[in-house]
K.L.:
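Before anything else, here's the structure in question.
In what follows, chains carry the letters A, B, and so on, assigned in the order in which the sequence lines appear, proteins first and then strands, with residues in each chain numbered from 1. Bear in mind that the values here come from a model prediction, so they are computed numbers and not experimental data. Side chains are part of it too, since the values below use all heavy atoms of this structure and drop only hydrogens, waters and symmetry mates.
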Protein chains: 2
Amino acid sequence: MKRKQNKRKATKIFDHHIHKSCYYVYYDNINNTGECFQSKHSFYMSYHKVNLKEQLVEIAWEICKTESWQKVNMRLVAEKAGVSTTAFYRHFKSKTDLKAELIRRGFQLLYEGMKDVTNNFSGYGAHYIRFGLDYPHIYDLMFGSMDLDMSLYPDLEALSDASFGGIVKGLNSFIPDESENHVMIKAYNVWASVHGIVGILRRSKWQGKQTETLEWIENNLEEYLEMTTFG
Amino acid sequence: MKRKQNKRKATKIFDHHIHKSCYYVYYDNINNTGECFQSKHSFYMSYHKVNLKEQLVEIAWEICKTESWQKVNMRLVAEKAGVSTTAFYRHFKSKTDLKAELIRRGFQLLYEGMKDVTNNFSGYGAHYIRFGLDYPHIYDLMFGSMDLDMSLYPDLEALSDASFGGIVKGLNSFIPDESENHVMIKAYNVWASVHGIVGILRRSKWQGKQTETLEWIENNLEEYLEMTTFG
């Protein structure tokens, strides 16, 4: 009964843009939080204007970046955006859909940064490693998601394949006389070395077991790669 | 009241070896399961005889090996051993204690298998990779546990350090003229390559994205390592 009254009240004031999903916010403000009704409403509307889906991704990205994917909870994401979980599910069929979106965003960020890399092979490798250190949880989603059926997200598969394709292409210009077979084997080795060192650097830091050598490697990634992988 | 009666009954029959922790089993048999009292009791006693702690580790190992560490639940482990969780906590202070025990066991198994490796560097590397493929979840515990405070388990830290020490020692005999600094850098690279390729091979299999090259690598690990890492 109270809900109905509040709805009427809200409808009266904001008649020009009242719609179903805003109703919840009116109700919430008036009855529970007691916050400024108009300001929260404008805040909510601005979310709608700048694309709610994008806002939900942004919130999930922040949680995943600073904590982990496991901490991304759809109810919490919806709550932080000031919408209901129903509104969330209007934009994402499942949590996996949201994960795919974060992975997509991760690859975009990774590739965007590559534009600034001076055109040498070790530079690209170092960029990968730095990305893995700066965005550990996003990186884990991008390269460690075992449960994601890539065939359901063909654009993601292409983004993911592009990383490996880049290595093969780079190697072809780096060691042009090698057989295709050898190039492929070496490409997997480059891939393994780059991802492997990310794991070592991260673990050593988290376990407080840094060594002088590891510190040197982290501060001289390109030189390290030239000495070992691209030497 | 019924419990007391049953205890008396049990005491009367098995007076020669009655003790506090067996009481639960008598009670459980007579009242709930109705299973053969004598046989379940012998089963329970045999657990005590061959060391309950070892049995609990064995059960947890099996769950972790076939499923994952996340699926290891202390209540379930105790249940499978036919004891109460209280009995479990008599042997392990926490779930982390149990994890440490599995890691310990993992290293023992890894190092035991090394005895059979013909004495060459690639052979050791290949053994590591195969272990990572055969025991993915145990391997993750051993090399991927970020939350385990190694200083609380000094013997584990030593076991873990021994892997890396082995690489350094191997490299010293493999490239004897290199500076200590270069050997250390190369050692981290070997470590990264070995762990990195385990990740690639596992992911490709789990995602159904195997390539001809990856299949070749998996079937020719030593040759692969000679071509890339120890070449």
K.L.:
Identify the two heavy atoms, one from Ala187(B) and one from Val168(B), that lie closest to each other, and give their separation to 0.1 Å.
P.N.:
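The answer is CB-CG2, 3.8 Å.
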K.L.:
Between Glu212(A), Gln207(A), Arg203(A), which has the largest tally of heavy atom pairs under 4.5 Å with chain B?
P.N.:
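Winner by heavy-atom pair count: Arg203(A).
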K.L.:
Indicate the ring-plane relationship of Phe121(A) and Phe174(A), choosing parallel, tilted or perpendicular according to the 30° and 60° boundaries.
P.N.:
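Tilted: the ring planes of Phe121(A) and Phe174(A) meet at 30° to 60°.
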K.L.:
Assess the side chains of Ser204(A) and Gln210(A): does a donor N or O sit below 3.5 Å from an acceptor N or O?
P.N.:
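Checked: Ser204(A)/Gln210(A) side chains show no N/O donor-acceptor pair below 3.5 Å.
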K.L.:
Do you know which of Leu214(B), Leu148(B), Val190(B) has the most heavy-atom pairs with chain A at a distance under 4.5 angstrom?
P.N.:
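Looking at each of Leu214(B), Leu148(B), Val190(B) in turn, Leu214(B) comes out on top.
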K.L.:
Taking side chain as everything from C-beta outward and backbone as N, CA, C, O, which of these in Ile217(A) sits under 4.5 Å from a heavy atom of chain B? Side chain, backbone, both or neither.
P.N.:
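Answer is side chain: those atoms of Ile217(A) sit under 4.5 Å from chain B.
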K.L.:
So which of Gly196(B), Ser151(B), Ala192(B), Gly208(B) has the biggest tally of heavy-atom pairs under 4.5 Å with chain A?
P.N.:
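Top option by heavy-atom pairs under 4.5 Å: Ala192(B).
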K.L.:
Ion pair present between Lys80(B) and Glu62(B), side-chain N to carboxylate O less than 4.0 angstrom?
P.N.:
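No, no charged N to carboxylate O under 4.0 Å.
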K.L.:
Tell me whether the count of non-hydrogen atoms from other residues, nucleotides or ligands lying under 6.0 Å of NZ in Lys209(A) goes above 12.
P.N.:
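Yes - once you tally the heavy atoms of other residues, nucleotides and ligands closer than 6.0 Å, there are more than 12.
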K.L.:
Salt bridge between Glu58(A) and Lys53(A), side-chain N to carboxylate O under 4.0 Å?
P.N.:
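Lys53(A) and Glu58(A): not salt-bridged.
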K.L.:
Would the Tyr139(B) and Tyr135(B) ring centres measure less than 6.0 Å apart?
P.N.:
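So the answer is no for these two rings.
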K.L.:
Walk me through it: do Met114(B) and Tyr128(B) pass the test side chain to side chain contact (heavy atoms under 4.5 Å, CB included)?
P.N.:
CA-CA 9 Å; Met114(B) 285 212 169; Tyr128(B) 256 93; 3.2 Å; yes
K.L.:
Would you mind checking which part of Ile200(B) comes under 4.5 Å of any heavy atom in chain A, side chain (CB onward), backbone (N, CA, C, O), both or neither?
P.N.:
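Side chain of Ile200(B) only, per the 4.5 Å heavy-atom cut-off to chain A.
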K.L.:
Which residues, numbered in order, of residues 92-101 of chain B come under 4.5 angstrom of chain A by heavy-atom distance?
P.N.:
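Answer by number: none.
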K.L.:
Give, as side chain, backbone, both or neither, the part of Tyr188(A) having an atom under 4.5 angstrom from any heavy atom of chain B.
P.N.:
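Both parts, heavy atoms under 4.5 Å.
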K.L.:
Non-hydrogen atoms of chain B under 4.5 Å away: do they reach the side chain of Ile185(A), the backbone, both or neither?
P.N.:
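Both backbone and side chain.
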K.L.:
Decide, yes or no, whether a salt bridge links Arg202(A) with Asp140(A) under the criterion of side-chain N to carboxylate O below 4.0 Å.
P.N.:
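The answer is yes: the pair qualifies as a salt bridge.
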K.L.:
For Phe143(B) together with Phe107(B), are the ring centres under 6.0 Å from each other?
P.N.:
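Centroid separation for Phe107(B) and Phe143(B): below 6.0 Å.
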K.L.:
Could you tell me which portion of Asn220(A) (side chain, backbone, both or neither) has an atom closer than 4.5 angstrom to a non-hydrogen atom of chain B?
P.N.:
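The answer is neither part of Asn220(A).
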